[in-house]
Amino acid sequence: MSSIGEFGDYGGQYVPEALMPAIEELTDAYERYVLHNEDGFMDEFRERLKDFGGRPTPLQYADQLSERYDKDVYLKREDLLHGGAHKLNNALGQVLLAKYMGKERIIAETGAGQHGTATAMAAAHLDMPCEIYMGETDIARQRPNVFRMRLNGAEVNPVTTGRGTLKEAISETMRDWAATVERTHYVIGSIVGPAPFPSMVRDFHAVISEEARKQILDTTGDLPDSVMACAGGGSNTMGMFAEFIDDPEVDLVAVEAGGSSLQVDEEEGVAPNSATLSTGEEGVLHGARTKLLQDSDGQIMESHSVSAGLDYAGVGPELAHLVDEDRVIPANVDDDAALEAFHRLSQDEGIIPALETAHAFGYLHAAAVGDHEDNLGDVVVINVSGRGDKDLETVVEETTARDIDAGPEMDLFRQVGRSGGDSM
Amino acid sequence: MSLDRNFTDEPAFVPYLVAGDPTYEESLEYVEALARGGADIVELGLPFSEPIAEGSTIQQAIVRALDGGMTPNRYFEFVEDLTVEVPLVCMTYYNLVYQYGPSDGPASFVERAAQAGIEGLVIPDLPAEEADQLREACDEHGLDLVFIVAPTTTDERLERIREQVSGYVYVQARLGTTGAREDLSDHTAETLERIGEWTVPKAVGFGIKTGEHAQRIVDAGADGIIVGSALVNLVAEGDDEDISTAETATRIENTASELKAGALAGREQPPEQQ
């Protein structure tokens, strides 16, 4: 098979036979249109990212955080991309590719709803019918994104199996694809799944680090000491790391969700975290060999994170490989630290981050205040992968329930929320 | 000895159930009922937490079996506890095969399966490209490795599968996931024709529900029929409606007999009548 999609011991194509021809067709399209810019595909993609998406996004110096931590902290503002997260880079790329391939229908899974929202926007923009699969737990905790998908004309199909989160949504989307593969393209939302998805999704997001690397060089004349991003499946992570991988002097830190604990409950099949890079074992899930949260038999664990977008038992095979190669440093912070960081960034910098993103800032805080060894150096670039509007209900609830110090008095919001009925 | 011996005299009936659904003890009874109903081979599912190729009927069976405590080790004990003569094929997903210890890779699983009396494997998420290691282990322990051919499979891919397949080839009658259907797809005859020259027997599955379906599939040239969801539905009904294990076993045996009779009727009719 093609070497695309093989990352050391990880990667591959573990999908039902019915899907294999579509995977081969997609590999061919990826090589022609994305890698070789056939028919000017990449030119059109870049043009649409600029006009529709709002690229390039700024690299901003974070005044307050820099002073607080005695470092130079730079923020790559992917939260300013259209839709409020980095996800549009990949969604627009894949929907456009589906169009070039002559596909007539788009399906996608979503966890936090950011990828579903981005796919719904891209599909509306490019006039393609679109259906999104979303776990019912995630539908409940990310309602604003459900509204946005519907407003953009996408169907949202609730997934009721398992815990009703990202893992189940991916499985269900694969089932739809197996039935409709001839006309339908599955827009996978992260650097996971069978080859060529991990490579292709990385390439669509590599624009993040392409810009950031140039921006930091233009600003400081030098490369940063470290580059940091949160990691669930790992799409914003690989997008942020891609162009720095060949700069050995730049440390790359992937911050996962520590959830409530790194311990696993083998009996119940629950890992109350999503720290796959730190604690996972090699296995096969959703089309790829990668690191997984699994029990000793190989059954996949139910993961947990306060952040829906990180709540996944797998991780991209390329990230797993880069961790094994010691090129990427895996780290994690727990739910409480992420919530603290959410409030700190909101108050210090006037940026309300996604709960996913807040994990990276939680790690910055822990390193800078000496909770553990500070391996970040003096100049740090952090990917602000998304904005937090979708998380406001969760944050109000969780800040009160957990008595998070950094949060403002939340009773006011809770009362307003109640008197306002369902709406935020 | 290969599984293809079970296709020589007459069309084979290959039913599927999930081991341990809804409990270990009941499930033993149901597999025995399949044998009494005329099964020529039984595909016995080892439940995996992420069954991406299954429709809702078998997904729910897998949840019941996992909730009932089924694990790979329990599964092998289950196989050893069965008293049936009919050959058994293990159907599961690759991660369970891959993780089984003590050695890395699929070898330990295959060795244990062979020891328990399993004669073949079907792994729906393992395409021919990724199967070299497993093929090698199966050869070493004398197991057949069954592959699925889908309506979308290209001619180039058919050749790759032909090189890897043994025992029988699983012809997927239509796109999508497993599940009993009212209607049957017309992809079947076309696919059977494309692999007509293969020496390995051709068993058709996905959507077969009645004896009449079975008859039509055999008419179309199949050497056997594979039926899962229609039988799993009987287990689900038994569990949901508190029907006794004996009664559910009887229903399973009767449905099995009907399907087997349908397959036999298909062979008796000359094809030109269709």
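First the proteins, then the strands, lettered A, B, ... as listed; each starts at 1.
- Minimum interatomic distance between A:Ser199 and A:Phe7 (heavy atoms only, all atoms of both residues): OG-CZ, 3.6 Å.
- Donor-acceptor pairing under 3.5 Å is lacking for the side chains of B:Gln99 and A:Asp297.
- Remark: the A:Asp176 side chain and the A:Tyr133 side chain contain an N/O donor-acceptor pair separated by less than 3.5 Å.
- Checked against side-chain contact (heavy atoms from CB on, under 4.5 Å), B:Glu237 has the following partners two or more places apart in sequence or in another chain: B:Leu234, B:Glu241, B:Arg251.
- No part of B:Arg74 comes within reach of chain A, as not one of its non-hydrogen atoms sits under 4.5 angstrom from that chain.
- Using a 4.0 Å cut-off between charged nitrogen and carboxylate oxygen, A:Glu25 and A:Lys103 count as a salt-bridge pair.
- With a 4.5 Å cut-off on non-hydrogen atoms, A:Glu24 touches chain B through its side chain but not through its backbone.
- Heavy atoms of B:Pro124 lying under 4.5 Å from chain A belong exclusively to its backbone.
- Contacts between B:Gln59 and chain A at a heavy-atom distance below 4.5 Å involve the side chain alone, from C-beta outward.
- Within residues 259-266 of chain A, no residue has any heavy atom less than 4.5 Å from a heavy atom of chain B.
- Neither side chain, A:Ser190 nor A:His115, offers a donor N or O lying under 3.5 Å from an acceptor on the other.
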| Taking it one step at a time, do A:Ser235 and A:Arg202 satisfy side-chain hydrogen bond (donor to acceptor under 3.5 Å, both in side chains)? | CA-CA 7 Å; A:Ser235 67; A:Arg202 174 204 61 209; over 6 Å; no

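- Contacts of A:Leu285 with chain B are made by side-chain atoms alone, with heavy-atom separations under 4.5 Å and no backbone atom involved.
- When each of A:Gln294, A:Gln299, A:Met301 is checked for heavy-atom pairs under 4.5 Å with chain B, A:Gln299 comes out on top.
- Both the backbone and the side chain of B:Pro51 come within contact range of chain A, each with at least one heavy atom under 4.5 Å from a heavy atom of that chain.
- Interface remark: A:Thr161 contributes side-chain atoms only to the contact with chain B (heavy atom separation under 4.5 Å).
- Between A:His185 and A:Gln94, the side chains place a donor N or O and an acceptor N or O closer than 3.5 Å (distance only, hydrogens not considered).
- Under the 3.5 Å distance criterion, with hydrogens and angles disregarded, no donor-acceptor pair is assigned to the side chains of A:Glu172 and A:Asn157.
- Of the two parts of B:Phe48, the backbone and the side chain both hold a non-hydrogen atom closer than 4.5 Å to a non-hydrogen atom of chain A.
- Defined by atom type and a distance below 3.5 Å, a donor-acceptor pair is missing between the side-chain atoms of B:Tyr75 and B:Glu80.
- Within the 4.5 angstrom heavy-atom criterion, no atom of B:Ile123 approaches chain A.
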